Amino acid sequence: MELEKLEEILLGVQKPGRYIGGEPNSVVKDPDTVDIRFCMCFPDVYEIGMSHLGIQILYDLFNRREDTWCERVYSPWMDMDAAMRREGIPLYTLESRTPVKEMDFLGITIQYEMCYTNILQILELSGIPLKACERDEDCPIVIGGGPCSYNPEPMAEFFDLFYIGEGETQYDALLDLYKEVKKAGGGRHAFLERAAAIPGIYVPSFYDVEYNEDGTIRSMTPNNPHAPERVKRVLVSDMTTALYPEKPLVPFLKVTQDRVVLEIQRGCTRGCRFCQAGMVYRPLRERSLEDLKEYAKKLLESTGQDEISLSSLSSSDYSHLKELVTFLIEEFGEKDVNISLPSLRIDAFSLDVMSRVQDVKKSSLTFAPEAGSQRMRNVINKGLTEEDILSGAAEAFKGGWSKVKLYFMLGLPTETEEDIKGIAALANEVAKVYYDTVPKEDRQGRVQVNSSTSFFIPKPFTPFQWASMFTREEYLEKAHTVNDAMKAQLNHKSLKYNWHDADVSVLEGVLARGDRRVGAVILDAYKRGCLFDSWSECFDNEKWMEAFKARGVEIGFYNLRKRSLDEILPWDFIDAGVTKEFLKREWERAEKELVTPNCRVQCQGCGARKYGGGVCFEGQD
Amino acid sequence: MKVRIKFRKTGMMKFIGHLDVMRFFQKVNRRSGIPIAYSGGFSPHQLLSFASPLGLGLTSEGEYLDMEVESFEGSAAMKDRLNACMAEGLEVVSCRLLPDNAKPAMAVLAAADYLVFPRKGHGFPGWEEALSSFLGKPSVMVVKKTKKSERETDIRPLVYDFQRREDGMFLKLACGSVENLKPELLLEAFYRSLGKEWEPFAFRIHRLELYARKDDELLPLDSFGEERP
């Protein structure tokens, strides 16, 4: 690429450091000594993409192979997008500034639905045909992975294959196969056919979908003998043997998560019925305490970062949390390393830890009750009781905190007006606890209780995958009900409330549970200029609505319709571990407001035990 | 103990802004194990101070940074230790021990040398002569905008020297907290004087050296420190 031209463009865009690579710990290899060129992409702006742990894990995993060079690319922001199109500069990898189109693979992690149009931007700027069926031998194999691959159907026609599950397990087999096929003179088709036989690999073009007259799916059947009927999710059954990147990339720019991240475990035992991550990452698998201590040291040494944070779902459930946190504070706290803790359950231990690592007066405590009433929390299986919250808050207030954040969802299945108003009532109770607990002379002004609500979006492979959503107007009415109820509370002066955008939620709902027919809408919206939909300054709902209209796709079919339990869902062809029987059982228990205990208390036979590891076999050596 | 670091910023690193370079050095110090000194207080920070922020898009072979350290292992050893942790385009040139009473680089800074030349596809034939005769005038009035006001000032006295060189035009300009002239401002005034429209980034600007004034003489900042084995 002509450097002179690129430099001039970079001088004219915001934060040109997004597009230059060269960060400490980035990997540069001699292209002549490798067989496979892999470009890893996070389809959002650099600062978001560089904060993602999964990319760092895969980057390290691929680059450990001598025959492979993995490079990176992120979504060019609007200004860079325009400049590249204007000057005819193709999307290039950060490490070597090689056009992405010249790579063997383009791997795209799909972390949220609202990045779908960004994926089309990546393809288009690379000069790769958007539809997989239009690609020739000169194009890289385009792979999708990440949470959204648990319903890949809306994006199916844009990908050559999806990798469903954890990257550590089958990528070696996939890359070895690629080399083998290439050596034997085989092309894309030959590779895809053989790749389809690898566990975890889904090649969308090898399946046909037929629909019933009412628009639901009649069947999804393989049209190629190499494609299995069901695609199995793959995972690491023993995290103690899983590799971890010891030299993560260190960005020059200040990125969203500008710190070293220590993944302490994968999976979750809690079984919250709305949570996709809690279902599709089962079973819970812990890393060993000794390994984590070692990694923490190595990571801080190799990056020079001054902050380390723990990463996992429900971190309080990690068996050795106390030892780990104590170790981190004692070992690194003295060296001016900040320790940032993820959402811990608020109890005496976590409060003690937090008071040691943060400035109590400035920081706020976060609770995620998710729902306002106990009835509603039983429905969603969030084990947190009002007593837990209020006693936790009381402890926190005694410890000096005076700011509390509360997170809730609106639009949950079976929700009543009482449940909705319960959000305001709970916020008021928390404020009341402050005034009851902290004597007047010790108060630092008013307590601040900030509540925020998002609209619940049913996700595949959760017990709520059958739930109906609401219209935009209904969502806003729910939010207004909360807002009015907040104002009517005794402590209303201490309460603040904000709610998420309803338009985005409606759209996310369609993309999350959509089928292949939704792909045409995404393409249409992109052609109309939709891009960076997760950025409120870019999101253009009108264009999306025009796209639905133009493609004749009804939002109500995906969001408002009541799905029957025997309907074939677009993602049913994936075996994600949790069985449909388990999800149905949980859906029925939700309707009966029954709480289901967590994995450590009692196995629910969810299906994840077949992976042969983790919490399912705890204490059974 | 105070050490004055001289470093180069070249290539793609011109796209990394001053604050990010500062954060970069903080991480380099941690990675390299330099016994850097910290301030006190609830959130301690490394005792670093840069002589003069370099604008985005500019390259330099004469940047300076003063660092307070707990101990000093020698100039060569410290330079090697830092360079083992740098990135392509950022390179330490020297590490010199400063006398205890030395003033910070930022406070004594008085002038800077630059080399300027047009980017490919920019500039015009004979620009060197034109710039020489522009700078040959006794005064160059420009409108300097500040947050509060706009006022006309003469920038010519802030140009201490200029010379045509084979690879561009050499400029010695006032730099620092007392008097300061950015080469971009000078070039813009030059273009305006010819009735030409100024294109930002039409010129490459490369900083060569930074100076402090001592007894009416301009001395490079590194001459205030001492190479120590």
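When reading the values below, keep in mind they use all heavy atoms of this one structure, side chains included, and skip hydrogens, waters and symmetry mates. A, B, ... follow the sequence lines: proteins, then strands. Residue 1 opens every chain. All figures in this text were calculated on a predicted structure; none of them were measured in a lab.
A:Glu8 touches chain B through its side chain: at least one heavy atom from C-beta onward sits under 4.5 Å away, while N, CA, C and O do not. Only the side chain of A:Asp258 comes within contact range of chain B, with at least one heavy atom under 4.5 Å from a heavy atom of that chain. Contact of B:His122 with chain A is made through the side chain alone, with heavy-atom distances under 4.5 Å. With a 4.5 Å cut-off on non-hydrogen atoms, B:Arg23 touches chain A through its side chain but not through its backbone. Interface remark: A:Gln305 contributes backbone and side-chain atoms alike to the contact with chain B (heavy atom separation under 4.5 Å).
Comparing A:Gly22, A:Gly17, A:Pro24 by how many heavy-atom pairs each has under 4.5 Å with chain B, the most go to A:Pro24. With chain A as partner, the option from B:Met12, B:Lys14, B:Arg31, B:His45 having the largest number of non-hydrogen pairs under 4.5 angstrom is B:Arg31. In terms of heavy-atom pairs under 4.5 Å with chain B, the best-connected choice from A:Ser26, A:Gly304, A:Ser302, A:Gly21 is A:Gly304.
Remark: the backbone N or O of A:Lys29 is not paired with any side-chain donor or acceptor of A:Thr33 at under 3.5 angstrom. Under the 3.5 Å distance criterion, the side-chain polar atoms of B:Arg4 are left unmatched by any main-chain donor or acceptor of B:Cys95. The backbone N or O of B:Arg96 sits nowhere less than 3.5 Å from a side-chain atom of B:Ser94 that would complete a donor-acceptor pair.
Ring-plane geometry between B:Phe7 and B:Phe50 is classed as perpendicular, the angle between the planes exceeding 60 degrees on a 0 to 90 degree scale with a lower cut at 30.
Evaluated for a ring-ring contact (aromatic ring centres under 6.0 Å, His included) with B:Phe190, the options B:Trp127, B:Phe162, B:Trp198, B:Phe134 yield exactly one hit, B:Phe134.
The distance between the ring centers of A:Phe252 and B:Phe24 falls below 6.0 angstrom.
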